[in-house]
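Input: a single structure, listed below in structure tokens.
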There are 2 protein chains.
Amino acid sequence: MPEDDPAVPRWRRRKQARPREIVDAALTVFGERGFAAARLDDVAARAGVSKGTLYLYFPNKEELFKAVVREAILPNLDMAERLLAGAQGPSFAVLETLLTLFATRILKSRAGAIPKLIIAEAGNFPDLARFYYDEVIRRAFALLAAVLERGMACGEFRPVDVDSTVRLIVAPMLMSALWRSSFEALEGRPPDVAALLAAHLDALRRTLAPEGGPPS
Amino acid sequence: MPEDDPAVPRWRRRKQARPREIVDAALTVFGERGFAAARLDDVAARAGVSKGTLYLYFPNKEELFKAVVREAILPNLDMAERLLAGAQGPSFAVLETLLTLFATRILKSRAGAIPKLIIAEAGNFPDLARFYYDEVIRRAFALLAAVLERGMACGEFRPVDVDSTVRLIVAPMLMSALWRSSFEALEGRPPDVAALLAAHLDALRRTLAPEGGPPS
DNA sequence: AAAATATTACTGACCAGTCAGTAATTAGTG
DNA sequence: CACTAATTACTGACTGGTCAGTAATATTTT
């Protein structure tokens, strides 16, 4: 039954709300299908808008994707950087907080699909890879490196190769994000992120402990 | 200058050699572009053959991809399983051998692109994900779990959560493979896999050591 | 010649991006 | 307050290009 009551307009002008709604829909669709396979028709439909409207707010698919990253990832990075800047306690606690933050804020949200997406499309869309590398990866690595340097400087951590250790710290969390997006449907149970995080923190404590004894 | 000497045929019938050549070309092209974005025209050109010929040997793109996985990955898994079955020495040495094997045989070869590929396309091609999960992931995880159980049984390793620890072991290697495919071009230097592997083995030694002291 | 192997030309589905036109809203006028 | 003109937000049909898969045809081998 078509709705043709003229008192109920077929659509409304909502210039303010559109961008956010479009970006939100795009996060979902990109997360489900990847960048290349995502259809802008689907993004538009999910945002309750026609495809042409997307182009009123974003010049093209790539810029729309960048907007998604800016909205879904960067605020978390900002938070992490503020957290480190104001941290007083032991370095290991900072590390713990950062990893837990990632496990809860990113992994459990729809933003958890973004790492997969970037890895998947980096080869075919080098501009996106560059953008993400500059805006996210570099900052995140610098953040973790700073924590390690801080811990080593005050003798809380034994001396380690910073670059390799940062990768060791990131890898399991990253892998969890990729797993969710790729194989969760195939395994019976959902992966136990809490158990993995606990095991990882335990391993890191042992790995970073100075030779004399465990860190305080 | 067109070659039309009838003594030199424009092409030859080489039923035996084609499949291998096609699979080899496909590994390269899939590795460069991913599954969806890879063009069968490109695979054919690289194999020195026309597109129609691909369909004489493989029913469709998916089956061609499965053939690539079978040829590039499964022999390495077979080797790893034989290695474990015949291993006599300490469990940590086995672990070390397995990781080194991965770092050299997979990471450095074109097969290193396959994990990225699977992760990238799992969502859009669930059949491929299922195939890879059953044929590769399950077996690889079982392999590592067996090493851990073995080491724990004889007191060489402290008791750990097997599933989480397997993921901790795999993650950095997997991440290296993904990194190569995605960001190597963006960073100045190539990632130092040897350093990462050394740091990872060091971390694992500390993580798995029984409380009393380091494993022999 | 007949069979096997290969090529070439084609089809149909798909989709990012465009743009002429339309509906909703706002500003101007008496 | 109407009622009209001007503006702006939005729509949806269309275009141009891509590519997996297929059909028709050609070449090689036996």
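Chain identifiers are assigned alphabetically (A, B, ...) following the order of the sequence lines, protein sequences preceding nucleic acid strands; residue numbering begins at 1 within each chain. Reckoned from all heavy atoms, side chains included, excluding hydrogens, waters and symmetry mates.
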Can you tell me how far C1' of D:dC14 sits from OH of A:Tyr55, to the nearest Å?
14 Å

May I ask you to test the B:Asn60-B:Leu64 pair for a side-chain heavy-atom distance under 4.5 Å?
no

How does each nucleotide of nucleotides 10-15 of chain C score, in 5' to 3' order, for protein heavy atoms under 4.0 Å: base (B), sugar-phosphate only (S), or none (-)?
-----S

Would you find more than 12 non-hydrogen atoms of other residues, nucleotides or ligands less than 6.0 Å from A:Arg20 atom CZ?
no

Here the distance between atom P of D:dA20 and atom CZ of B:Phe35, to the nearest Å, is 9 Å

Using atom CZ of A:Phe58 as one end and atom P of C:dA16 as the other, report the distance to the nearest whole Å.
16 Å

Would you mind reading off the distance between A:Glu62 atom CD and C:dA16 atom C1', rounded to a whole angstrom?
12 Å

More than 12 heavy atoms of other residues, nucleotides or ligands under 6.0 Å from CZ of A:Arg150: is that the case?
yes

For B:Leu54 and C:dT5, what is the distance between atoms CG and C1' respectively, to the nearest whole Å?
14 Å

Go through C:dA16, C:dT25, C:dT5 for me and flag the one nearest to the A:Arg12 side chain.
C:dT25

Mind calculating the distance between OH (B:Tyr57) and C1' (C:dT5) to the nearest angstrom?
7 Å

Rounded to the nearest angstrom, tell me the gap between atom CZ in A:Phe125 and atom C1' in C:dA16.
11 Å

Counting N and O atoms only, with roles assigned by atom type, does the side chain of A:His200 sit under 3.5 Å from a partner on the main chain of A:Pro172, one being a donor and the other an acceptor?
no

Between A:Trp179 and B:Phe141, does the ring centroid distance fall short of 6.0 Å?
yes

Euclidean distance, atom CZ of residue A:Arg18 to atom C1' of D:dT8 [Å, nearest integer]
13 Å

Show your working on side-chain hydrogen bond (donor to acceptor under 3.5 Å, both in side chains) between B:Thr53 and B:Arg18 and close with a plain yes or no.
CA-CA 9 Å; B:Thr53 300; B:Arg18 294 296 190 211; over 6 Å; no

Under 4.0 Å from OP1 or OP2 of C:dT7: is there any side-chain N or O of B:Thr53 that close?
yes

